[in-house]
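Atoms considered below: every heavy atom in the structure, side chains included; atoms not considered: hydrogens, waters and symmetry mates.
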Amino acid sequence: EPRMKAVVEGLPGLRVLRQDVEEVLFSFLCASCNTVTKISRTMQALEHRYGDPVAEVAGELLRSFPRAGKLAAADEADLRGMLWGYRAPSLLAVARFLKDRGNAWLASLRERSYLDARFELMKLPGIGRKIADCICLFGLGHNEAVPVDTHIRKVATCMFAPQLASCSLTERKYDALASVLRERFGAYAGWAQQYLFCHSRATQVPSLVRKHS
DNA sequence: TGTTGACCTGCCCC
DNA sequence: AGGGGCAGGTCAA
């Protein structure tokens with residue numbers, strides 16, 4: 001796959017992180033119709049408000065990401081003030097769900113199959129295909145998960161599935177696109193997704209090049 | 001099955 | 001200065 005080779009060589013050192021599942025879950029839960037800048041600010045606000053102090057570095061108090069139990073007791077209005085907007089109710093519902101299930105539940109999805117894990121995650125409010133796939137890939141180590149967001153959709157459609165280009169991304173089309181990548185890149189399709197995603201962001205981001213005066 | 005609109009909010013552009 | 005468009009989706013009609 002020569003085109004993919006070029007993409008990979010253009011992004012030396014790119015990795016797929018496997019972070020704490022719970023943290024991954026909440027950070028992607030606030031991702032819908034949001035910007036990367038705002039997402040990270042949202043997460044910082046969450047840590048600042050509900051996280052436990054871990055260490056002090058250079059006079060700055062660092063806090064852990066709050067556990068679900070703590071978030072479950074958060075105040076909705078408070079969350080909305082922290083840029084959660086309409087996503088606040090989902091955060092609370094999911095946090096309460098996780099608290100009820102106990103902290104082993106989420107981690108146990110690592111031992112399940114990718115499809116099972118995704119199915120379980122999609123039962124939660126505010127978690128659809130895309131976010132479930134993000135959690136599978138970045139939190140559970142299911143490397144065949146292929147989150148299809150707007151960027152991936154553009155790149156992957158253009159490169160591998162021009163026949164799937166049409167206005168809206170339906171469930172069917174989402175699954176078809178993900179399957180195309182899985183057929184092509186197998187058990188590590190998620191990594192291919194990561195490369196394509198970064199490639200897309202690095203090459204076609206007009207907002208970063210926009211002139212100011 | 002596919003399409004449509006609502007949903008919070010900050011930032012960018014005109 | 002102020003309004004419209006848009007951003008790493010989800011859900012229900």
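Between A/Gly85 and A/Glu171, it is A/Glu171 whose nearest contact on DNA chain B lies nearer the 5' terminus. With the nearest nucleotide of DNA chain C identified for both A/Gly126 and A/Asp149, A/Asp149 has the one nearer the 5' end.
Between the CG atom in A/Leu29 and the CG atom in A/Leu124 there is a gap of 9.0 Å [rounded to 0.5 Å].
In terms of phosphate contacts, A/Thr170 brings a side-chain nitrogen or oxygen within less than 4.0 Å of OP1 or OP2 of B/dG2. Considering only side-chain N and O atoms, A/Arg129 lies nowhere under 4.0 angstrom from the phosphate OP1 or OP2 of C/dC11. OP1 or OP2 of B/dG2 has not a single side-chain nitrogen or oxygen of A/Ser168 nearer than 4.0 Å.
Under a 4.0 Å N-O distance rule, the pair A/Arg63/A/Asp52 does not qualify as a salt bridge. Ion pair A/Asp175/A/Arg118 flagged as a salt bridge, since at least one NZ, NE, NH1 or NH2 atom sits closer than 4.0 Å to an Asp/Glu carboxylate oxygen.
The interatomic distance linking A/Leu83 (CG) with B/dG10 (P) rounds to 6 Å, in whole Å. Atom CG in A/Leu137 sits roughly 13 Å away from atom C1' in C/dG8 (whole-Å rounding). For A/Leu169 and B/dT4, the CG to P distance is 14 Å, given to the nearest whole Å. Straight-line distance from the CG atom of A/Leu121 to the C1' atom of C/dG9: 15 Å, rounded to whole Å. Distance OH (A/Tyr86) to P (B/dT9): 11 Å, rounded to an integer number of Å. Separating the CD1 atom of A/Ile127 from the C1' atom of C/dG8 is a distance of 15 Å, rounded to the nearest angstrom. Going from atom CG of A/Leu29 over to atom C1' of C/dG9 covers 10 Å, rounded to whole Å. Look at CE on A/Met43: it is 18 Å from P on B/dT9, rounded to the nearest Å.
Between A/His142 and A/Tyr114, the ring-plane angle classifies as tilted under the 30° and 60° cut-offs.
A donor-acceptor contact shorter than 3.5 Å is absent between the side chain of A/Arg87 and the backbone of A/Gly126. A donor-acceptor pair under 3.5 Å links the side-chain atoms of A/Arg182 to the main chain of A/Glu144, judged by distance alone.
Here A/Phe65 and A/Tyr50 keep their ring centres 6.0 angstrom or further from each other.
With hydrogens and angles left out, the side chain of A/Arg80 and the base of B/dC8 share no donor-acceptor pair within 3.5 Å.
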Give me, pair by pair, the N or O atoms of the protein and of nucleotides 2-7 of chain C that are less than 3.5 Å apart, along with how far apart they are.
from	atom 1	to	atom 2	distance (Å)
C/dA7	O3'	A/Asn34	O	3.2

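B/dT4 and C/dC6 have their P atoms separated by 16 Å, given to the nearest Å. Atom P of B/dG5 sits at a distance of 13 Å from the matching atom of C/dG5, rounded to the whole Å. Comparing C/dC11 with B/dG10, their C1' atoms are spaced 24 Å from each other, to the whole Å. The separation of B/dC11 from C/dT10, taken at their C1' atoms, amounts to 23 Å, rounded to a whole angstrom. Of the P atoms belonging to B/dA6 and C/dG4, the separation is 14 Å, rounded to the nearest Å.
Here the rule is side-chain contact (heavy atoms from CB on, under 4.5 Å) with A/Ser27, and of A/Glu22, A/Gln19, A/Met43 only A/Met43 fits it.
In this structure, A/Ile39 reaches neither bases nor backbone, as no heavy-atom distance under 4.0 Å exists between it and the strands shown. Note on A/Pro147: nothing from the nucleic acid sits closer than 4.0 angstrom, heavy atoms only. Heavy atoms of A/Arg87 sit under 4.0 angstrom from at least one base atom. Across all strands shown, A/Leu124 has heavy atoms under 4.0 Å from sugar-phosphate atoms exclusively, and none from any base.
In A/Asp75, the CG atom is crowded: over 12 heavy atoms of neighbouring residues, nucleotides or ligands sit closer than 6.0 Å.
Pair assignment for C/dG5: B/dC11, on the basis of Watson-Crick or G-U wobble contacts that are both within less than 3.5 Å.
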